[in-house]
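Have a look at the structure below, then the notes.
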Amino acid sequence: MDQHILSRIDRAVADNLKDIERSFGEQAGLVQDFIMFISRQLKTDLFGYTRFTVQQFCEHTGRNRQDLALVHPDFSSGRKQPPEIQGYAFQTVLDYALYAMMERNIIFSRSYEVKGHNSVVHMTHFPILKDLKLNFNRKDKQQKIYDIRLSDELISGFLSRYYIIDSESYKLVGKGRGGDSRKKLLIYLSKISHVLHSTSTATETTIPLDRICRFADINDIKPSHKKQNLQRMLTHLKCIGRFPIHFEFVSYRGSSEYALRLAFLSGPDRMKVQKEHTFYYRLLNGMRDVFNLCGTGPATPSIEEDPFQNWLINRGLNTAEKARVLQQAYYIAFSINLPDSVATDLVLSGDFLKPLI
DNA sequence: AGAAGTTAGCGAGACTGTTG
DNA sequence: CAACAGTCTCGCTAACTTCT
């Protein structure tokens with residue numbers, strides 16, 4: 001079971017974890033988990049509509065169902081009134097966190113620079129969800145099913161601005177006491193690994209102890225305690241999280257202060273990453289082109305909030321054109337020739353990416 | 001009946017103080 | 001300052017009730 005599941009986490013998120021804390025308070029851990037969860041789902045639900053149950057969420061993030069099902073203390077103590085959508089109160093821990101992600105943005109403390117094709121965009125905030133529904137009128141023995149729509153920012157981040165991170169490690173590392181800090185450390189290290197592997201052939205780097213402690217929530221005064229804590233966390237990542245890293249403490253600039261030398265034993269498979277990148281990029285942009293050409297369809301009301309996404313998931317519209325885009329993406333990225341009938345079936349079934357799994 | 005939501009108790013392990 | 005050890009807290013488990 002030493003499977004590595006490579007996901008992509010948006011750089012705007014990974015670079016600003018502290019801002020999630022600032023914007024979401026004690027819900028920050030859940031928000032971060034949700035983004036990781038959704039990044040994993042995005043590999044198969046590319047177009048931003050995702051449907052999931054509490055069980056699935058727990059399975060993939062390693063959280064406990066019981067903790068998420070509890071009515072949030074703010075509401076059970078009567079201090080606040082839970083928000084409602086269509087008369088349904090979003091009052092459990094998970095419900096409320098999802099609601100918060102729709103209602104609130106991540107506010108960046110400093111504007112975050114994103115380099116586009118020929119411009120630099122400054123992001124000051126980052127929305128996560130655009131829409132949130134669930135099967136409000138449940139009958140007997142029916143599970144809660146969450147229906148969500150992701151923000152455009154999250155989807156474009158998935159395509160063009162991401163770090164590779166192993167979501168299986170993320171899940172394993174999050175279990176047990178101190179999990180939230182370990183997860184943050186894992187994101188930070190994955191980011192370093194990603195940058196290192198994609199810009200050079202080096203696999204080693206040295207980081208001052210204080211900087212890494214900031215990311216790992218280690219606030220001890222005594223250097224020896226910092227070292228002890230960090231050592232424990234890194235060992236945990238290595239042994240329990242199966243994160244392929246080698247570390248050693250070294251003295252820093254001749255002073256008595258510590259630094260950490262890190263060696264990443266294996267980076268993400270570069271070929272595979274590159275192929276996937278091409279595939280997703282081709283697919284989504286190809287679909288956009290087709291949509292712009294002929295997508296508005298017969299008598300589609302223009303008041304629709306998100307015509308592109310609606311067009312995409314609408315099975316009756318432009319099936320042949322969609323199938324062609326899919327074929328091209330498979331061919332260019334993986335050299336796979338999808339027969340016409342298979343491509344059409346995939347488009348009709350909605351499982352565009354099934355052959356990848 | 002099965003899923004949602006609650007509660008108690010236990011054990012790992014994070015924190016902190018002591019020692020050499 | 002490193003190594004060790006005791007304490008106490010957090011988070012998991014499992015068994016329960018309530019809800020639809």
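Residue numbering restarts at 1 for every chain, and letters A, B, ... go by the order of the sequence lines. Just the heavy atoms: all of them, side chains too, but no hydrogens, waters or symmetry mates, feed the values below.
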Has the side chain of A:S169 got a donor or acceptor atom that lies under 3.5 Å from a matching backbone atom of A:G241?
yes
Quick note, A:N64 side chain, CB onward, closest among B:dA4, C:dC12, B:dT6 is C:dC12
Against the side chain of A:A69, the closest entry in B:dT18, C:dA14, B:dG5 is B:dG5
Once you round it to whole Å, what is the distance between P of B:dG5 and CD of A:Q91?
7 Å
Nearest to the side chain of A:N229, heavy atoms from C-beta on, is which of B:dC15, C:dC12, B:dT16?
B:dC15
NA contact type, A:D220, heavy-atom cut-off 4.0 Å: base, sugar-phosphate, or nothing?
nothing
Nearest whole angstrom, please: distance from the P of B:dC15 to the NZ of A:K227.
18 Å
What's the CZ-P distance between A:R65 and C:dG11, to the nearest Å?
18 Å
Would you say A:K171's side chain and A:E59's backbone share a donor-acceptor pair under 3.5 angstrom?
yes
Inter- and intrachain pairs under side chain to side chain donor-acceptor pair (under 3.5 Å), touching residues 319-329 of chain A, at least two apart:
A:Q327-A:D340
Which of A:N16, A:T124, A:D15 passes side chain to side chain donor-acceptor pair (under 3.5 Å) with A:Y112? Answer is A:D15
From the list A:L189, A:I5, A:L6, A:I9, side chain to side chain contact (heavy atoms under 4.5 Å, CB included) with A:I165 holds only for A:I9
Any side-chain N or O of A:Q55 less than 4.0 Å from the OP1 or OP2 oxygen of B:dA4?
yes
A:L185 CG - B:dA14 P separation (whole Å):
13 Å
A:D95 atom CG is separated from B:dA3 atom C1', nearest whole Å, by 14 Å
With a non-hydrogen cut-off below 4.0 angstrom, is A:Q228 in contact with a base, only sugar-phosphate, or nothing?
base
Euclidean distance, atom CG of residue A:D67 to atom P of C:dC12 [Å, nearest integer]:
6 Å
Report all side-chain donor-acceptor pairs from residues 173-180 of chain A shorter than 3.5 Å, counting only partners two or more places apart or in another chain.
none

Report yes or no: do A:Y146 and A:Q56 form a side-chain donor-acceptor pair below 3.5 Å?
no
In residues 176-183 of chain A, which ones come under 4.0 Å of DNA chain C, going by heavy atoms?
A:G176, A:R177
Are A:I107 and A:L30 connected in a single hydrophobic cluster, I mean Ile/Leu/Val/Met/Phe/Trp/Tyr linked by side-chain heavy atoms less than 4.5 Å apart?
no
Ignoring backbone atoms, test whether A:K175 places a side-chain nitrogen or oxygen under 4.0 Å from the OP1 or OP2 oxygen of B:dA12.
no
Judged by each residue's nearest nucleotide on DNA chain B, which is more toward the 5′ side, A:H225 or A:I240?
A:I240
Name the closest nucleotide to the A:L70 side chain, picking from B:dT6, C:dC4, B:dT18.
B:dT6
For A:L172 and C:dC12, what is the distance between atoms CG and P respectively, to the nearest whole Å?
13 Å
Expressed as a whole number of angstroms, how long is the span from A:Q231:CD to B:dA14:P?
13 Å
A:R232 side-chain N/O to B:dC15 phosphate OP1/OP2 under 4.0 Å
yes
